[in-house]
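Comments concern the structure below.
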Amino acid sequence: MKSDELYALLRRRGVLWPTAEIYGGAQGLYDYGPLGAALKRRVEEAWTAWFVGLSHDYYVIDPAELLPEAVVRASGHLENFTDPEVTCENCHKAFRADTILEKVRPEGVDGLTPAEIAEIVRTRGAKCPNCGSSALSVPRAFNMMFGVDFGVTGRERVFLRPETAQSSYLAFPRMWDVGRRALPLGIAVVGKAYRNEIAPRQVLFRMRAFTQSELQIFFDPERFSVPFDRVREETLPVVRAARREAGSEAVEPVPAEDLVRSGGLPEFYVYHLVHSYRFFRDVLGFPAGRLRLLEKSDRERAFYNRIQFDIEADLESLGGFKELGAVHYRGDYDLGRHSAGTGKDLSVTLTGGRTVLPHVLELTSGPDRTVWALADLHLGRDGERTVWHLPPYLAPVAVEVFPLIPKAHGAAALALADELGAAGLAVHYDDAGTIGKRYARADEAGSPFCVTVDGETVAEGPNHGTVTVRDRDSKAQSRVPTGDLVGRIFRATRSPRPALA
RNA sequence: GCGGGCAUAGUGUAGUCUGGUUAUCACAUAGGCUUGCCAAGCCUAUAACCCGGGUUCAAAUCCCGGUGCCCGCACCA
């Protein structure tokens with residue numbers, strides 16, 4: 001489906017809508033409705049089960065969303081983000097000020113005020129790199145972080161975190177003790193991050209407030225052993241940076257062991273890349289042919305990232321491959337910055353006496369983007385029907401309960417719905433309209449099972465009744481004793497976990 | 001931010017160029033009749049001109065501003 005059509009469907013069904021919609025919305029902010037909130041929560045839970053399940057030394061924390069100014073100064077977010085932008089009044093293209101000035105002022109623009117930059121642009125004859133015009137605008141600095149007054153005096157400033165990763169780095173020294181002083185140590189955060197994007201677009205793909213699921217794995221750079229045999233034979237759809245530089249974006253299926261043996265990547269990296277790939281393919285059910293692992297080149301990736309593959313999915317609604325997650329090998333950059341920022345040595349002493357500043361492997365993904373991708377990939381027309389073919393454990397509603405004839409079977413159906421709910425299943429009761437319409441609504445919501453209570457159920461009595469169970473994807477029906485329902489539905493809606501040693 | 005395009009019930013739309021009836025139609029939603037395991041049928045009801053200003057006897061229609069969305073550029077540390 002096209003983006004507009006998909007978004008309209010998601011709004012209509014109450015999956016999501018613009019924040020403050022009755023005031024015309026707010027750019028880059030969206031609210032999730034019942035289906036969207038439940039789906040996103042299941043995505044987050046599946047992510048946590050999968051990635052934190054990779055090791056018994058990986059932990060989930062829930063840190064504050066506000067960061068003191070000193071933190072974002074140390075992390076580099078404060079300075080990196082004041083890069084001023086200059087627009088050409090002639091051809092209307094925008095450039096970073098240091099791009100415009102690289103010929104006339106090779107030393108860069110760090111530390112200059114916008115007024116000083118404007119002066120240099122005017123007096124040194126800077127030209128637009130595109131059309132050569134010297135009609136350049138006054139530089140504008142844009143701040144990608146939201147600053148917030150803090151404390152009663154209002155003189156202190158804090159910032160809404162621009163990435164959840166910082167929270168994990170700050171937690172490392174405390175977690176070093178909590179985790180009983182061993183590496184590798186994983187710290188996972190699922191939480192909101194905030195960026196004042198210049199141009200929020202594509203609904204859930206460029207938001208100003210969004211959720212990140214990130215696992216930061218702190219490890220000893222000299223020794224990070226992983227059960228590589230578990231992933232050795234997995235074939236990954238990679239696009240290597242070297243081939244991209246040579247002009248080919250074609251996906252190349254490469255066995256994991258080859259990425260290590262001849263591909264120049266460390267085992268620990270490929271191991272986690274495979275698990276990230278499997279999360280999207282096996283847990284979220286993305287078709288393998290729609291996924292690719294795109295390696296970022298030296299030029300593209302942030303300077304502190306030593307290795308970076310983006311996990312991308314080919315989405316019809318957005319016209320091509322879009323980033324949903326990534327695996328970043330960040331080296332010791334982050335702990336190094338915070339060591340400098342605090343003046344405290346954040347390196348740790350391992351058993352045996354060796355002292356190291358841990359390196360970080362970051363596994364990251366975006367639940368909001370994932371929700372959109374799940375709609376793009378799994379929600380669509382199936383003949384006459386609109387069906388959301390979600391993996392059953394992600395479906396907001398596990399089981400719908402219908403009375404075949406509301407007047408005759410309503411009470412028994414309500415009692416059954418209660419019972420299933422009490423057992424811990426996400427259950428939804430619907431007696432409105434014809435049975436066909438209820439099936440259709442359930443299909444659109446992605447509910448994997450519909451249970452219909454009929455005359456037979458009532459006649460058989462409350463403890464030995466049977467009901468019709470209808471499967472979302474095949475529309476097939478089967479007669480099932482009510483006593484078997486809970487077990488059957490639980491088995492079918494269990495989220496996968498990685499197989500460990 | 002820049003340039004271009006767009007904005008009518010919950011959804012999709014007609015009407016806008018060329019100002020003038022009670023703003024069209026379908027689907028959806030709610031109620032009723034009927035039916036009783038896959039969006040059936042009939043009847044009824046609810047429901048919209050993005051916001052603000054201007055021009056005019058009269059604005060969904062023309063003009064200005066705002067907001068939002070789409071495409072391209074830039075940005076995405």
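Below, chain A is the first sequence line, B the second, and so on; all start at residue 1. Side chains are part of it too, since the values below use all heavy atoms of this structure and drop only hydrogens, waters and symmetry mates.
Every residue two or more places apart in sequence or in another chain that forms a salt bridge (charged side-chain N to carboxylate O under 4.0 Å, His left out) with A/Glu245 is listed here: A/Arg299. With sequence neighbours excluded, the residues that form a side chain to side chain contact (heavy atoms under 4.5 Å, CB included) with A/Ile61 are A/Pro63, A/Ala171, A/Met175, A/Ile187, A/Val189.
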5'-to-3' dot-bracket of RNA chain B (Watson-Crick, G-U; under 3.5 angstrom; crossing pairs as [ ]; | other strand): (((((((..(((.......[....))).(((((.......)))))....(((((..]....))))))))))))....
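B/A58 and B/G1 have their P atoms separated by 36 Å, with the value rounded to a whole Å. Separating the C1' atom of B/A60 from that of B/A23 is a span of 8 Å, rounded to the nearest Å. For the C1' atoms, the distance linking B/C33 with B/C69 amounts to 43 Å, nearest Å. For the P atoms, the distance from B/C6 to B/A45 is 37 Å, rounded to whole Å. Nucleotides B/G72 and B/G15, compared at atom P, are 28 Å apart to the nearest Å. B/C27 and B/C64 have their C1' atoms separated by 37 Å, with the value rounded to a whole Å. Between B/G10 and B/A28, the two C1' atoms lie 7 Å apart (nearest whole Å). For the P atom pair drawn from B/U21 and B/U13, the interatomic distance equals 24 Å after rounding to whole Å.
At distances below 3.5 Å, at least one donor-acceptor pair connects side-chain atoms of A/Glu214 with backbone N or O atoms of A/Ala165. Under a 3.5 Å cut-off, the side chain of A/Tyr277 and the backbone N or O of A/Leu291 do not form any donor-acceptor pair. With hydrogens and angles ignored, the 3.5 Å screen pairs no side-chain donor or acceptor of A/Asp310 with any backbone N or O of A/Glu312. In terms of modelled atom types and a separation under 3.5 Å, the side chain of A/Arg479 and the main chain of A/Thr466 share a donor-acceptor contact.
At whole-Å resolution of the value, CZ in A/Arg11 and P in B/C50 are 15 Å apart. Atom-to-atom, CG of A/Asp4 to C1' of B/U13 comes out at 15 Å; the value is rounded to the nearest Å. In this structure, CZ of A/Arg201 is placed 8 Å from C1' of B/G72, rounded to the nearest angstrom. Per the geometry, OH belonging to A/Tyr7 stands 8 Å off P belonging to B/C69, to the nearest Å. For A/Arg206 and B/C69, the CZ to P distance is 13 Å, given to the nearest whole Å. The distance from atom CD of A/Gln202 to atom P of B/C70 is 7 Å, rounded to the nearest whole Å. Atom CD in A/Glu163 sits about 12 Å away from atom C1' in B/C76, given to the nearest Å. Counting to the nearest Å, the P atom of B/G12 and the CD atom of A/Glu5 are 9 Å from each other.
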Using atom names, set out every protein N or O paired with an N or O of nucleotides 26-37 of chain B below 3.5 Å, distance rounded to 0.1 Å.
| residue | atom | partner | partner atom | Å |
| --- | --- | --- | --- | --- |
| B/U29 | OP1 | A/Arg441 | NH1 | 3.0 |
| B/U29 | OP2 | A/Lys437 | NZ | 3.3 |
| B/G36 | N2 | A/Leu404 | O | 3.0 |
| B/C37 | O2 | A/Tyr439 | OH | 2.4 |
| B/C37 | O2 | A/Gln477 | NE2 | 2.7 |
| B/C37 | N4 | A/Asp454 | OD2 | 3.0 |
| B/C37 | N4 | A/Thr468 | OG1 | 2.9 |

So which protein nitrogen or oxygen atoms get under 3.5 Å of nucleotides 66-68 of chain B's nitrogens or oxygens?
| residue | atom | partner | partner atom | Å |
| --- | --- | --- | --- | --- |
| B/G68 | OP2 | A/Gln27 | NE2 | 3.3 |

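Taking a cutoff of 4.0 Å between a charged side-chain nitrogen and a carboxylate oxygen, A/Glu400 and A/Arg438 do not qualify as a salt bridge. Under a 4.0 Å N-O distance rule, the pair A/Glu300/A/Arg244 qualifies as a salt bridge. Taking 4.0 Å as the cut-off between side-chain N and carboxylate O, A/Asp382 and A/Arg472 do not count as a salt-bridged pair. With respect to the salt-bridge test (charged N to carboxylate O, under 4.0 angstrom), the residues A/Glu163 and A/Arg330 qualify.
Among the heavy atoms of the strands, none lies under 4.0 Å from A/Thr19. The residue A/Pro162 sits close to a base: some heavy atom pair falls under 4.0 Å.
Between A/His359 and A/Tyr329, the ring planes are tilted. Angles from 30° to 60° get that label.
Nearest to the side chain of A/Ala8, among B/U11, B/A39, B/C38, sits B/U11.
Nucleotides of RNA chain B nearest to A/Ala302 and A/Leu9 differ in position, and the one nearer the 5' end is that of A/Leu9.
No hydrogens or angles considered: a donor-acceptor pair under 3.5 Å links the side chains of A/Asp368 and A/Tyr32.
Applying the side-chain hydrogen bond (donor to acceptor under 3.5 Å, both in side chains) definition to pairs two or more places apart or across chains, those involving residues 199-208 of chain A are A/Asn196-A/Arg208, A/Gln202-A/Lys322.
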